[in-house]
Amino acid sequence: MTYSLIQLAPGAYDLLLNGEVVGSVVRNSSYQPYTWTAELLEDLPPARRPAPFTDLEHVFASLEDLCDWLGNPAMKTNNRHGDAWER
């Protein structure tokens, strides 16, 4: 399974699995220390959730920790200097 993240706004990403939007990644605060949440869009039974999701939502201390958990997905930012893949 290959995940990727597409930035919608600062602190907000669509979470894609094999090119299909399956969830979101959001920063939970405007002030540091931030936490980040990965959330599936569909309330699937546990057996049908894509790995590594065991719950509908998972909270992380950093975006880096979240990305490590997802297997270091490609990230497309909405950089004002043009589209750029970060990872």
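Just so we're clear, the structure is a prediction, and the values are computed from it rather than from any experiment. Below, all heavy atoms of this structure are taken into account, side chains as well, without hydrogens, waters or symmetry copies.
A donor-acceptor pair under 3.5 Å is formed between the side chain of Asn18 and the backbone N or O of Thr2.
For Phe53, the ring-ring contact (aromatic ring centres under 6.0 Å, His included) partners are His58, Trp69, not counting sequence neighbours.
Across all their heavy atoms, Thr54 and Arg49 have their closest contact at O-NH1, 2.7 Å. Closest approach of Tyr3 to Ala51, counting heavy atoms only: OH-O, 2.6 Å. Minimum interatomic distance between Gly19 and Leu16 (heavy atoms only, all atoms of both residues): O-CD2, 3.6 Å. Phe60 approaches Ala38 most closely through the heavy-atom pair CE1-CB, 4.5 Å.
Distance check, rounded to the nearest 0.5 Å: CG of Leu41 to CG of Asp14 gives 7.5 Å. Of the inter-residue distances, the one linking Ser4 atom OG with Asn72 atom CG reads 13.0 Å to the nearest 0.5 angstrom. Thr77 contributes atom OG1, which lies 11.0 Å from atom CD1 of Ile6 (distance to the nearest 0.5 angstrom). The CE atom of Met75 sits 4.5 Å away from the SG atom of Cys67 when rounded to the nearest 0.5 Å.
Inter-residue side-chain proximity for Glu42 and Leu44 is flagged as met; some heavy-atom pair is nearer than 4.5 Å. Inter-residue side-chain proximity for Leu40 and Glu57 is flagged as unmet; no heavy-atom pair is nearer than 4.5 Å.
By the rule that hydrophobic residues join a cluster once side-chain heavy atoms approach within less than 4.5 Å of another member, Tyr34 and Leu66 end up as members of one cluster.
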Run the side-chain donor-acceptor check on residues 21-29: report pairs under 3.5 Å with partners two or more places apart or on a different chain.
from, atom 1, to, atom 2, distance (Å)
Arg27, NE, Ser29, O, 3.2
Asn28, OD1, Thr37, OG1, 3.2
Asn28, ND2, Thr35, O, 3.4
Asn28, ND2, Thr35, OG1, 2.9
Asn28, ND2, Thr37, OG1, 2.8
Ser29, OG, Tyr31, N, 3.0
Ser29, OG, Tyr31, O, 3.0

